[in-house]
Structures are given as C-alpha cells and as structure tokens.
There are 2 protein chains.
Amino acid sequence: MGKVNIKSIAAALNLSPATVSRALNDSYEIKKETKERVLAYAAEHDYRPNPFAKHLKTGKTNLIGVVIPFLSSPFFLEFIDELYKAVLPQHYTLIPFQTQNCEKIEKEALDFLIRQHVAGIIISPAHENSNTELLKHIHHHTCPVILFDRIQHDLDTYKIGIHNSLETYNATEELIRKGRTKIALLCGKDIGNTKDRIRGYKNALHNYAIPFREEYVIHADYQDPAENIDNELKEVFNKLNDTDKMPNAIVGGTDTLSIKILGVLTNLNLTVPEDVAVIGFTNTNLANYLNPALSTIRQPTQEMAGLALELLLALIDKDHDRRDLTYKNFLLQATTTYRKSTDI
Amino acid sequence: MGKVNIKSIAAALNLSPATVSRALNDSYEIKKETKERVLAYAAEHDYRPNPFAKHLKTGKTNLIGVVIPFLSSPFFLEFIDELYKAVLPQHYTLIPFQTQNCEKIEKEALDFLIRQHVAGIIISPAHENSNTELLKHIHHHTCPVILFDRIQHDLDTYKIGIHNSLETYNATEELIRKGRTKIALLCGKDIGNTKDRIRGYKNALHNYAIPFREEYVIHADYQDPAENIDNELKEVFNKLNDTDKMPNAIVGGTDTLSIKILGVLTNLNLTVPEDVAVIGFTNTNLANYLNPALSTIRQPTQEMAGLALELLLALIDKDHDRRDLTYKNFLLQATTTYRKSTDI
DNA sequence: TTGTAAGCGTTATCAT
DNA sequence: ATGATAACGCTTACAA
C-alpha cells in the first residue's frame, strides 16, 4: 500500500509534479488529454490530496469553527445539524464547540480554533458582548466571524436571528386574547436576546392596558448546572404559588426552560392549559409528544444555517479588509404553532 | 502583525530553528536557560505551532473522528458531549459525523475522516456489520477504530456497551411483577443491539410462563425521516387498539421511540401508566419533565466516553500491528430509574 | 549543547 | 503545455 501522492502519480505517468498538480486542479494550461490521464490514474489509485500540505502551502484550511452555548439545547442542536447538511456539498469541515454560557470557556474555544487555522467562525456568544475585543481582533485580522441567534453584540459583522421582540409580542398577545392576564415571562439571565423579548412582552401588556409586574419576569441563570436551574424554577414557582400570585400563563423565553416548566407545573398539581397556559421559544421535535403538546415559537434553523454558511463563505473568498465592509442584520421569520398547551 | 513562527523566534533570539523547536518540545538536549528564553519569548509573542506543518512532518494529527447514527438521539448526544469533555485536557480535536443509520453515508464519513488523516475513530455503526471490510481495512492499515453502543460487528477491536439482554430482561421482569402480561417491545430495525434486547425480553416472558406474541415485537425503521416513524408508530398502535390487542406495558428499546410513544398513547386516549406502563432505554434529561415522568434505563455515557477515549489513545500511542492484539468487550452498568410511567 | 540541512506533499513562480 | 525549483513551518538525523 505505497502512499499515492502527486509525486508518485507524476513518476507513474512520466510527468512532473507541477503538471499533475495543475491537472488535478483543472488548470486551463493543461491539455485535455493529460488531464484525463491524470484524473483517471488518480481515481483508480484512490488518490487523496493531503489537506495539511495543501494548507501549509496556500495558508487556507477547509475548517469552520462553530461556537455555541449548549449542544443540549434543541435549537442549537438543530442549527448544528442543519449546518452539517449545508456544509457537506461544500468542501468544509465543522469543528463545533460548546461554551456552557461561560465567557472563559468561550475564549479557550476561540483560541483553539485560531490555532487550528479555521477559515471562519460562526458563533452565538455566551453573553451579550462576551469576548468582544477578541472577536473583533479575530474578525479583523484572522478570519471572518458571523453571529447568529444571540446577536446583541458589538462586533460589526453579519448577524442572523429572528425578530425577538415581535415574536414575543405576538405570543403574549395571543395569551391575552385568550383571556389570560397574569402572564409570566421566563428568560435566560444575561443572554443577548433577553432584552428584546422583554421589550415585546412589555409592549403587549401595555397595549392591552395590563399592568407590568416585576415578579413575572423570571430570570434563570444558565451557567448553573442543570439541577440548579431545576431547583431555581421550582423555588420561584412554589413561592408564587404560596403567595397566591401564580400566573395563569407563561411565555417560555428559552429552549430548555419551556420544556422544564411543564414538569414544574405538574409537580405543583397545576394543569396545563386549564390552570396555566404555556407557550415557548423552542425547536424541539418532541413538542408534539409532550403532555400536553407544547405550543412553540420555532426558529428557522435550516434557513439560518444556510444563510450563515453562505455569508461566511462569501467573506472567506473575498479578501477585503473586513473593517471596511458594510454588514447587515438578517431577521428571519419564526413559525408559531399553537398546540394543546395554549388551547384554552 | 508579522507571523511568529519557529524561524522568527530563532532569528530574534540568535538561535537556530532546530534549537527553538527542541526547546519548545522540552528536549533533554537543550539547556535550561535556553529553554526558558525560548519559552518566555514564545509566550510573550503568543506563538502557536502550526499543526499542519507539524503533521506534514510527523505524519500524525490530533484529530479523532466520531461516527454516530444521530445527533438528535439523547444518548448519542450525551456521549459526544462527554467525549468533548474528556478530550479537552488531551490535545485532540473531535470531528463528529452522523450517518442517519445509512451505510452509504457512513462510508462517505469514513472516507472523509481518512482524508483528514485522523489519528483514530470511535464509531457506533449504522447497522450490524455495516462497512465491515472498510472498517477492518482502516483499523489494520490506517488508524485504530473503537466500537461503542452498537457492538455487534465483525471488526475485531475494543467494544464498549451495556449488557442489553440483561437490562431488557430486568425491565420486562419488573413490568411482569407489577402484574402486566401484555408487554410490547419497541425496537429499531436492523440495529446491532436489537437482537440482544429481544433475547432478554423473551427470556423474561419465558421465565414467567407468559406466551411470546410476535405482534408485540415492534420494529421501527430508523432510516425513515422522523415523520414516517411517527406515522408508523401511530399506525401500529391504532391497529393493535382497534383489534383489541393493545398491550398494557411497553419496553422502549431505543432512545427516541421511548419518548415518542408517550405522545402516540395520548392520542389514543390511553393513560400512562394506568392503561399502559412504559419504560425506555433513553438518556434524556427530560425524562423527569415528561408527563408522566418516564422510567428510564440509562447508559453510562460518561464512563463509556472516557473508556473509549482511553482505549483509543492507548492504541494510537502504541504502534503494534493491530491485527495481533487481543481485544476485550467492556459491558458497563446501566442505571434504571423507575418513575411515574411505571408506577402502577 | 547547538547548528546544518533535508524533507513531509503541496502549489506558485519562473523558465522552457 | 510542461518542467524545474523554491517555499510553506516544522522535526530530525547528522555534524560540530
């Protein structure tokens, strides 16, 4: 099993390595016949270009770094999944990383990706403006960076997300229309898009003249391990229940929270949707299998991933100074599906 | 921002590149003082070795390929997650791949990984004996391969899994003890470990003198897109229901099925666990939040991932002919948790 | 203890 | 249309 490389092909076909290289890269300088000979031989002997040598020479890799908070969140999982599908026909490889919403881990991930000489990075930051300076430096001097989902960040680049305030407004409004007024909003603490969601929530209340109650905006700290979040949720709702302030509707502002809250309510012997209606931002396929089936606001992960990749590849190809470019925010359309959990 | 590499460090410190390289690699030949000078300079200028050049020279990469059927299955997701954690302190990078249970996609993934010159591969095969020849060839001539979870495969290497027949026996027995006799087994079609699970299921029935009924072993085809599986499940259970053969207990043999079946039963207006008790092989953290909370048989993903990595790294380091080694199967202990769904 | 030089598999620049 | 040669950044005999 002698290694087959450009040199061995050249020797076998009585050509120079340079010619073989050019033939393989379909250079216009090489005549058709030679190209065919080389390609045939290469195929027959299962030649595979060495990506390391290639990179060493060209300075370019086919690696794309993906930095997300959690893989255990249905939304991010789905996004990565779609990214995998989108990247397959292109000749790029994904290197995914999780930050656990921790800025320090995020920094390590970014350092690692730089060391691997990735061609570009797609990231949903751990926090609003986490690693801002580092990300700016990378985007300006090393490789292009694209933001998605958590797009409240000072890095000036393409940003892909949904219209959080509008979607939250609509969900809240729907609950109001169904006669609920004691509406709580569950959100992640210190996450980029929380602000927008609160804004939409407040606007809806305001437009229907429902007084805003501070205790109905519930922040869960996402850096906690899962068990802490569970306890946090239970505690908050136990307290609301004890003090007779239990909301009769909940908008789940993040993926995992929206599902967990169903369990918490069950433990309190509250029935969904009769006692408490629930709708959540979440991309889980399981929504339909939960009991009751969960109403969801679903982000268009396929579209998001496709667009992220497209924009990133464009930036990789073009060799402009990335500080001079004018970037755009892409706010895509979410899909809200009303199921049993809001069927009042 | 001139690139800092071994050459530039050498020039700055009036040393030869070779000395710098040796100093960075902590070679015994270099005197302490020189090492310190080099290390200090490297740290100050944020030197990062170019992994591509390194590989080109040494023929070794720090890449580990991971091939799994689905990322959307809680078990595989958790496994990958644990693998990420385990690999972090080692200096390796994971390249995960999904096969969708399709042998052809699996082949493509393996080809890709070979082209990337991965140092080793951890795989849960698409099918019993999928890509056997290719995997043998890789393991013998290219890089070590380790199997996990679906370990019914002719490749002779380390295999890591659980004792499927025993675990299924125990779950079935528990349902029998609780008085259920019409017990169905939900399993994936053509997946390596299905056989063992059926065996455990049959043994339990047999030991309690409960007649085995063919129609209670339900195979779901996992290559189908999600919607098809949903419909398949619905159809099967509708039919059982119509013909008055509805089981009063179900052992969910795979991850996703165990969760989906809850939704299917709800649609049939059947109550869990009163009408039908359910227990499933699944690693989802959501089990506790489902309604009712799902009894689960949980695989020890952390232990599995740690062991897989440890064994793989050992094979990578050692340069034996891998055909001559004697391998072992590791059957780890699963954890069964009984919750509401079997609380009869 | 350090330096010199060759080479890993490519591609780019020249020359022919 | 093709060939010769150097170079990418690193490691490793071999020399000193």
Side-chain angles (χ1 to χ4, degrees), chain A residues 1-39 41-42 45-63 91 114-119 142-143 319, chain B residues 1-39 41-42 45-63 91 114-119 142-143 319:
Chain A
M1 245 224 7
K3 293 269 167 275
V4 34
N5 53 31
I6 285 196
K7 217 156 122 190
S8 73
I9 297 179
L13 299 182
N14 254 313
L15 292 168
S16 79
T19 306
V20 174
S21 170
R22 282 186 276 239
L24 290 169
N25 289 303
D26 199 24
S27 157
Y28 67 96
E29 311 170 292
I30 304 296
K31 77 171 169 206
K32 207 174 155 196
E33 190 203 313
T34 311
K35 273 186 197 172
E36 280 165 359
R37 275 210 305 152
V38 171
L39 256 34
Y41 185 96
H45 291 75
D46 198 21
Y47 164 73
R48 288 140 188 233
N50 183 322
F52 296 83
K54 198 167 192 159
H55 164 57
L56 191 55
K57 187 62 192 165
T58 62
K60 286 178 182 175
T61 63
N62 62 339
L63 302 173
H91 288 266
I114 298 311
R115 221 172 310 139
Q116 296 290 318
H117 293 240
V118 292
T142 314
C143 68
D319 235 1
Chain B
M1 249 231 357
K3 291 268 167 273
V4 34
N5 53 31
I6 286 197
K7 216 156 127 191
S8 73
I9 297 180
L13 299 182
N14 252 313
L15 292 168
S16 79
T19 306
V20 174
S21 169
R22 283 186 274 241
L24 290 170
N25 288 305
D26 199 24
S27 157
Y28 67 98
E29 311 170 292
I30 303 296
K31 77 171 169 205
K32 207 174 154 197
E33 191 203 312
T34 311
K35 273 186 196 170
E36 282 165 0
R37 275 211 304 154
V38 172
L39 258 33
Y41 185 95
H45 291 76
D46 197 22
Y47 165 73
R48 289 142 188 230
N50 183 323
F52 295 84
K54 198 167 192 160
H55 164 57
L56 191 54
K57 185 63 195 169
T58 62
K60 287 176 182 173
T61 63
N62 62 341
L63 302 173
H91 288 265
I114 298 312
R115 222 172 309 140
Q116 296 291 317
H117 294 242
V118 291
T142 315
C143 70
D319 236 0

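Within every chain, numbering begins at 1; the chains are lettered A, B, ... in the order of the sequence lines, protein sequences first and strands thereafter. Predicted, not measured: the structure shown is a model, and the values here were computed from it.
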Hey, can you pull the residues of [range] with a non-hydrogen atom under 4.0 angstrom from DNA chain C?
| range | answer |
| --- | --- |
| residues 13-26 of chain A | A:A18, A:S21, A:R22, A:N25 |
| residues 47-54 of chain A | A:Y47, A:R48, A:P49, A:N50, A:A53, A:K54 |
| residues 28-37 of chain A | none |

### Task
Output yes when at least one side-chain N/O atom of A:K57 is less than 4.0 Å from OP1 or OP2 of D:dG9, else no.
no
Residues pairing under side chain to side chain donor-acceptor pair (under 3.5 Å) where one sits in residues 9-19 of chain A, two or more places apart or in two chains, turn out to be A:S16-A:T19
Give a yes or no on whether the backbone of A:K7 and the side-chain of A:N5 come within a donor-acceptor separation of less than 3.5 Å. yes
Residues at least two apart in sequence or cross-chain that pass ring-ring contact (aromatic ring centres under 6.0 Å, His included) with A:Y41, listed by chain then number, are A:H45
Computed from five pairs at either end and rounded to 10 degrees, the angle between the axes of the helix from C:dT1-D:dA16 to C:dT16-D:dA1 is 40°
Residues pairing under salt bridge (charged side-chain N to carboxylate O under 4.0 Å, His left out) where one sits in residues 30-39 of chain B, two or more places apart or in two chains, turn out to be B:D26-B:K35
Which atom pairs, donor and acceptor, lie under 3.5 Å between side-chain atoms of residues 49-59 of chain A and protein residues at least two apart or in another chain?
unit_1, atom_1, unit_2, atom_2, d
A:N50, OD1, A:F52, N, 2.7
A:N50, OD1, A:A53, N, 3.1
A:H55, ND1, A:K60, N, 3.2
A:H55, ND1, A:K60, O, 3.2
A:T58, OG1, A:K54, O, 2.9
A:T58, OG1, A:K60, N, 3.2

Under a 4.0 Å heavy-atom criterion, DNA chain C is touched by chain B from C:dT1 to C:dG9
Taken in chain and number order and not counting sequence neighbours, the residues that satisfy side-chain contact (heavy atoms from CB on, under 4.5 Å) with A:R115 are A:D111, A:F112, B:R48
